Amino acid sequence: MMDLQELLFPNMETCPTFEMYFRTNEGSKRAWADSRLGAIRVPRWCALELDTYFNSFSVGKWRKYTRLKTLRLRLELSGAFRVQLVHWQKLKGACEKTVLAERVCESAQRQAFEIDFPGELPARGVVAASLYAVGENCAFYGGAYVTDADEGDLNPVDIALDICTYKREKYVERNIAMLKRDILDDLACELGDHLEVFICDNGRTLERDLFRDDRVRVLPNRNVGGAGGFTRGMIEAIDSPRRFSHVLLMDDDVLVNPDALLRTYRLLRLLKPEYAGKTVAGALMRLDDRCVQYENAAVWTGEYVPVALKGDLDMRKVDSVVSNEQEETASYSGWWFSCIPMAKIDNDNLPLPLFVHRDDIEFGMRTGSDILTLNGVCIWHETFDNKYASSLLYYEVRNDLILNALRLPKYPLIGNARTFLRRSVGNIVRYRYGNCALMRRGLDDFLAGPDKLIVTDPEALNAEIMAASDVLKPVEELDMPFDEASHEAGIEKRKDFVEMARLFFLNGLFLPARGTAVVNIATSWPRNFYRKKAVLNYDETTGKGFVSRRDFRASVSALFKAFGAAWRLLRGYDAAAKRYREAEPILTSRSFWNEYLGLK
């Protein structure tokens with residue numbers, strides 16, 4: 001017997017919301033978690049539904065991609081329950097529920113019951129169970145979806161967990177402590193002997209023997225960005241005497257339930273040979289609203305904003321759980337949780353040295369976007385719409401152009417120029433003139449070709465970019481007072497004809513300026529800056545910000561320079577793109593990375 005997926009209880013460390021694990025009756029008579037008993041108490045005539053994000057079973061994907069033939073549900077119960085095995089699928093745009101089997105389970109004491117899913121497993125959707133208490137003193141203690149599997153039928157799976165970090169010691173220590181407690185040091189966990197952790201320390205602030213565990217290695221590394229950190233971990237996995245089957249790339253500052261790794265491992269153990277090249281991708285859940293999914297893999301179209309798949313789904317809702325299992329074609333999976341087969345990684349096929357941003361997109365598109373996602377395999381992370389760092393504009397402009405040159409050679413040249421101008425105008429109307437300069441530098445460095453990428457010291461370059469970026473200070477240190485009413489007014493999102501017309505005239509630049517405003521630094525709209533003399537760009541997560549001021553001459557100058565840069569791009573793009581394509585084998589080679597990272 002093999003456990004495929006354990007039934008989880010609300011986790012106070014990662015996601016404590018009851019509805020992510022169970023659904024129950026509305027009102028006062030509802031199931032509730034009894035921490036003293038370690039169970040869910042279910043009052044008589046009350047229901048406990050398992051068709052949730054963490055406790056439903058992705059039967060359609062398991063049937064399609066694995067050798068799974070039979071499935072049972074093990075439930076540990078006390079009291080009297082009427083148990084229904086149910087199947088949910090999406091048909092004609094609506095969720096449809098079917099009862100597959102029903103059984104009464106009754107015991108005065110805690111007892112394990114196993115119920116078979118009958119017949120051929122459903123080809124789509126999810127399966128789960130509905131537990132209806134028909135007696136008094138009913139409790140649910142846990143369980144799992146299980147199957148029969150011989151050891152000879154299972155794939156050998158060993159995972160190298162590759163974590164890149166830069167001066168985020170507390171996050172790394174927290175996640176490693178959870179992994180050690182729930183996996184590495186848990187003798188009952190089958191993954192413990194098949195997982196090794198490589199922490200690539202770009203900040204060189206962690207002690208090498210910090211974790212005192214041979215299975216957790218700290219590797220001091222040059223600060224060559226996320227691309228360099230993750231590549232160092234890949235190299236260690238390649239060189240290891242242990243024959244790893246997969247490398248799992250994971251950001252340092254994510255919040256992860258170790259069960260996500262266990263589900264991934266069990267899935268890989270049963271994968272059919274024809275799907276051995278699948279990358280298992282973890283969904284990105286919002287850290288500020290832990291029930292909402294931000295992205296479940298994504299598509300790169302050539303524009304500067306990737307298209308997130310299955311975004312903004314409230315995973316407390318059964319409709320979202322079922323919809324999340326419908327497959328879509330993705331370009332890549334983010335490296336916050338991406339389990340890649342070692343067959344896609346070798347000394348001649350390493351990531352590009354892009355420092356930060358787009359490295360995961362480029363590598364995913366190059367190695368093939370065979371991506372598999374499952375409900376419950378996820379991490380929590382601060383979303384990108386809550387982040388602002390003007391330094392990233394340099395890397396985004398440069399790396400977007402490299403990415404399109406290599407992976408989307410048919411993307412229209414005018415599209416690249418249009419994107420650059422649109423982003424430039426967006427910063428001009430927000431009075432962020434320094435950002436425009438960073439963008440122009442990124443464009444010009446792309447046109448300089450791969451030779452510049454090869455010879456430039458990435459640490460020194462990043463220091464220059466950071467020095468030219470906006471510096472956020474506590475609002476009390478700024479020369480403009482913070483006004484909460486103005487800040488609240490600026491949060492509303494709206495894009496109408498009037499705003500678009502204003503943009504055509506550079507957001508009122510040729511009209512007299514009046515007043516000030518406070519805006520959300522990462523999600524501000526041009527209308528918030530319309531005819532303002534000065535604007536406080538506020539980061540509500542840190543309480544810091546900076547002031548941008550309207551400057552007519554600087555605006556006109558930045559506009560003309562943007563058009564000049566766009567013209568240079570139109571003239572020089574094809575030649576630069578050709579040089580990047582010719583240099584790709586060098587940039588992704590082990591010999592290049594050895595020198596780049598300062599390895600022997």
Side-chain angles (χ1 to χ4, degrees), residues 225 227 299-307 331 352-362 365-366 389-456 458 461-462 464-465 468-470 503-504 506-507 509 526 554-584 586-587:
V299 173
W300 177 255
T301 63
E303 298 284 345
Y304 64 92
V305 179
V307 179
S331 303
L352 282 175
L354 299 181
F355 197 86
V356 68
H357 274 221
R358 312 317 191 217
D359 43 0
D360 50 359
I361 303 178
E362 190 282 325
M365 294 178 71
R366 172 163 33 109
S390 57
S391 59
L392 294 179
L393 288 170
Y394 166 83
Y395 293 107
E396 288 176 357
V397 169
R398 186 196 68 178
N399 296 349
D400 285 2
L401 292 169
I402 295 174
L403 172 60
N404 286 348
L406 294 176
R407 307 277 77 88
L408 292 179
K410 294 183 179 180
Y411 186 75
L413 173 55
I414 194 67
N416 286 315
R418 183 176 60 244
T419 295
F420 176 79
L421 287 174
R422 184 165 63 242
R423 298 190 75 181
S424 296
V425 171
N427 280 281
I428 291 170
V429 300
R430 291 174 174 85
Y431 316 149
R432 298 173 181 174
Y433 308 114
N435 289 359
C436 297
L438 288 171
M439 291 174 60
R440 293 194 301 272
R441 181 170 181 177
L443 182 148
D444 288 330
D445 281 0
F446 163 78
L447 292 176
D451 290 344
K452 185 174 181 64
L453 197 63
I454 293 171
V455 302
T456 299
L461 172 63
N462 188 59
E464 291 179 22
I465 298 302
S469 303
D470 294 318
L503 281 176
F504 186 77
L506 291 182
N507 214 30
L509 180 65
S555 297
V556 173
S557 175
L559 184 64
F560 274 96
K561 288 178 180 178
F563 275 100
W567 177 245
R568 293 196 297 276
L569 181 63
L570 291 172
R571 294 180 60 190
Y573 178 84
D574 287 339
K578 181 181 179 181
R579 295 200 301 275
Y580 280 104
R581 287 191 286 270
E582 292 171 347
E584 182 181 345
I586 297 172
L587 294 170

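Everything numeric here is computed off the predicted structure, so don't read it as measured data.
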Which heavy atom of [X] sits nearest a heavy atom of [Y], and at what distance?
{"X": "S331", "Y": "V299", "result": "OG-CA, 3.4 Å"}
{"X": "A562", "Y": "L421", "result": "O-CD2, 3.6 Å"}
{"X": "V429", "Y": "P526", "result": "CG2-CB, 4.1 Å"}
{"X": "R398", "Y": "L354", "result": "NH2-O, 3.2 Å"}
{"X": "V397", "Y": "G442", "result": "CG1-C, 4.0 Å"}

Using the ring centroid of each side chain, check whether Y573 and F446 are separated by less than 6.0 Å.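 Here the rings of F446 and Y573 have centres that are less than 6.0 Å from each other.
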
For R418, enumerate each residue passing the side chain to side chain donor-acceptor pair (under 3.5 Å) test, keeping only those at least two apart in sequence or located in another chain.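 Partners of R418 by the side chain to side chain donor-acceptor pair (under 3.5 Å) criterion come out as none, since no residue qualifies.
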
Using the side chain to side chain donor-acceptor pair (under 3.5 Å) criterion, which residues pair with N404? Sequence neighbours excluded.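 N404 satisfies side chain to side chain donor-acceptor pair (under 3.5 Å) with W300, N416 only.
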
Are [X] and [Y] side-chain neighbours, meaning at least one heavy-atom pair lies under 4.5 Å?
{"X": "L393", "Y": "R423", "answer": "yes"}
{"X": "E303", "Y": "Y411", "answer": "yes"}
{"X": "V356", "Y": "N462", "answer": "no"}
{"X": "M365", "Y": "I361", "answer": "yes"}
{"X": "R568", "Y": "L447", "answer": "yes"}
{"X": "L352", "Y": "L453", "answer": "no"}
{"X": "I465", "Y": "R441", "answer": "yes"}
{"X": "L570", "Y": "L413", "answer": "yes"}

Measure the [atom1]-[atom2] distance between [X] and [Y] for me, rounded to the nearest 0.5 Å.
{"X": "L401", "Y": "Y304", "atom1": "CG", "atom2": "OH", "value": "14.0 Å"}
{"X": "L443", "Y": "L438", "atom1": "CG", "atom2": "CG", "value": "12.5 Å"}
{"X": "D470", "Y": "N435", "atom1": "CG", "atom2": "CG", "value": "5.0 Å"}
{"X": "Y395", "Y": "I402", "atom1": "OH", "atom2": "CD1", "value": "11.5 Å"}
{"X": "Y580", "Y": "L587", "atom1": "OH", "atom2": "CG", "value": "8.5 Å"}
{"X": "R407", "Y": "E362", "atom1": "CZ", "atom2": "CD", "value": "5.0 Å"}

Between [X] (side chain) and [Y] (backbone), is there a donor-acceptor pair under 3.5 Å?
{"X": "N399", "Y": "H357", "answer": "yes"}
{"X": "S391", "Y": "S469", "answer": "no"}
{"X": "R581", "Y": "A405", "answer": "yes"}
{"X": "R430", "Y": "G426", "answer": "yes"}

Those residues that, when tested against R432, pass salt bridge (charged side-chain N to carboxylate O under 4.0 Å, His left out) (two or more places apart):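 So R432 forms no salt bridge (charged side-chain N to carboxylate O under 4.0 Å, His left out) with any residue.
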
Apply side-chain contact (heavy atoms from CB on, under 4.5 Å) to Y394 and D445, showing your working. CA-CA 9 Å; Y394 166 83; D445 281 0; 2.5 Å; yes

Crowded around R571 CZ? As in, over 12 foreign heavy atoms under 6.0 Å?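 Counting other residues, nucleotides and ligands, CZ of R571 stays at 12 neighbours or fewer.
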
Regarding Y431 and S555, do their side chains bring together a donor and an acceptor under 3.5 Å, going by distance alone?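 Looking only at side-chain atoms, S555 and Y431 do not form any donor-acceptor pair under 3.5 Å.
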
